[in-house]
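Scroll down for the structure; my scribbles are underneath it.
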Amino acid sequence: PYSEELSETINMLVGMKLLKEIITPTQYSLFRYDYELTTQGKKLFEKIKLEKPDLVSSMSKKINKLEKYSTQELVDLAKKVSGMRSISII
C-alpha cells in the first residue's frame, strides 16, 4: 500500500544524494521505481555500522526474515497491520 510518509522520506533521501532513483517503464504506461545507495549513502551507512553496530545487526536480522516473503505477501501483511482491506478483482 502507498505510504505518504515513506514516499516523502525516500524523496528526501534522493534529494540529499543518499539514494539514487531508477525509473523503469513497464507495461500499460506504468513505471517501476528502484532505489540504491549512492557512494555518499554507502559512506554514511559504513559510518552508522561503526557507530551503532547493534542497530545495524538488529535491522539486518529483521530484513533477512522479510526476504522469505514474496512481494504480494509483504503487501498483504502491510495491509493487515495497517488495517487496510484488500480489494479482490474477479
Side-chain angles (χ1 to χ4, degrees):
Y2 174 77
S3 166
E4 188 170 335
E5 182 180 356
L6 177 59
S7 181
E8 289 174 1
T9 301
I10 288 172
N11 288 335
M12 181 181 67
L13 293 171
V14 169
M16 294 171 64
K17 309 282 191 230
L18 297 174
L19 279 182
K20 177 182 177 183
E21 181 178 69
I22 303 159
I23 303 171
T24 307
T26 62
Q27 296 179 346
Y28 312 112
S29 299
L30 299 175
F31 298 92
R32 174 182 161 161
Y33 293 81
D34 293 301
Y35 299 90
E36 63 184 40
L37 289 174
T38 62
T39 300
Q40 187 176 342
K42 289 175 185 176
K43 287 178 183 177
L44 178 59
F45 178 67
E46 290 302 320
K47 181 179 177 184
I48 293 169
K49 278 184 7 182
L50 291 173
E51 293 177 2
K52 305 221 181 235
D54 293 340
L55 174 65
V56 173
S57 176
S58 173
M59 289 180 67
S60 292
K61 289 176 186 174
K62 290 175 183 176
I63 290 168
N64 287 335
K65 287 181 183 179
L66 291 174
E67 286 180 336
K68 70 179 183 179
Y69 296 101
S70 70
T71 300
Q72 187 59 52
E73 289 171 320
L74 290 171
V75 169
D76 291 343
L77 180 60
K79 287 180 179 179
K80 182 178 179 182
V81 169
S82 70
M84 291 179 66
R85 294 192 301 177
S86 293
I87 298 173
S88 297
I89 300 175
I90 300 176

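Everything numeric here is computed off the predicted structure, so don't read it as measured data.
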So which heavy atom on F31 is nearest to which on I23, and how close?
CD2-CG2, 3.7 Å

Show the nearest heavy-atom pair for residues K68 and E73, with the distance to one decimal.
O-OE1, 4.4 Å

Value rounded to 0.5 Å, distance of [atom1] in [X] from [atom2] in [Y]:
| X | Y | atom1 | atom2 | answer |
| --- | --- | --- | --- | --- |
| I10 | L18 | CD1 | CG | 12.5 Å |
| Q40 | K20 | CD | NZ | 14.5 Å |
| R32 | Q27 | CZ | CD | 13.0 Å |
| N64 | M59 | CG | CE | 12.0 Å |
| T71 | D76 | OG1 | CG | 11.0 Å |
| K65 | S60 | NZ | OG | 12.5 Å |

Is the count of non-hydrogen atoms from other residues, nucleotides or ligands lying under 6.0 Å from M12 atom CE greater than 12?
yes

Is it true that, when you exclude Y35 itself, more than 12 heavy atoms of the residues, nucleotides or ligands shown sit nearer than 6.0 Å to its OH?
yes

Hphob cluster co-occupancy, [X] + [Y], side-chain heavy atoms under 4.5 angstrom:
| X | Y | value |
| --- | --- | --- |
| L13 | L6 | yes |
| L37 | M16 | yes |
| I48 | L19 | yes |

Verify, without hydrogens or angle tests, whether T38 (side chain) and K17 (backbone) share a donor-acceptor contact under 3.5 angstrom.
yes

S58 side-chain N/O to D54 backbone N/O, donor-acceptor pair under 3.5 Å
no

Evaluation steps, salt bridge (charged side-chain N to carboxylate O under 4.0 Å, His left out), between E46 and K49:
CA-CA 5 Å; E46 290 302 320; K49 278 184 7 182; 3.4 Å; yes

Quick check: do V75 and K79 have side-chain heavy atoms less than 4.5 Å from each other?
yes

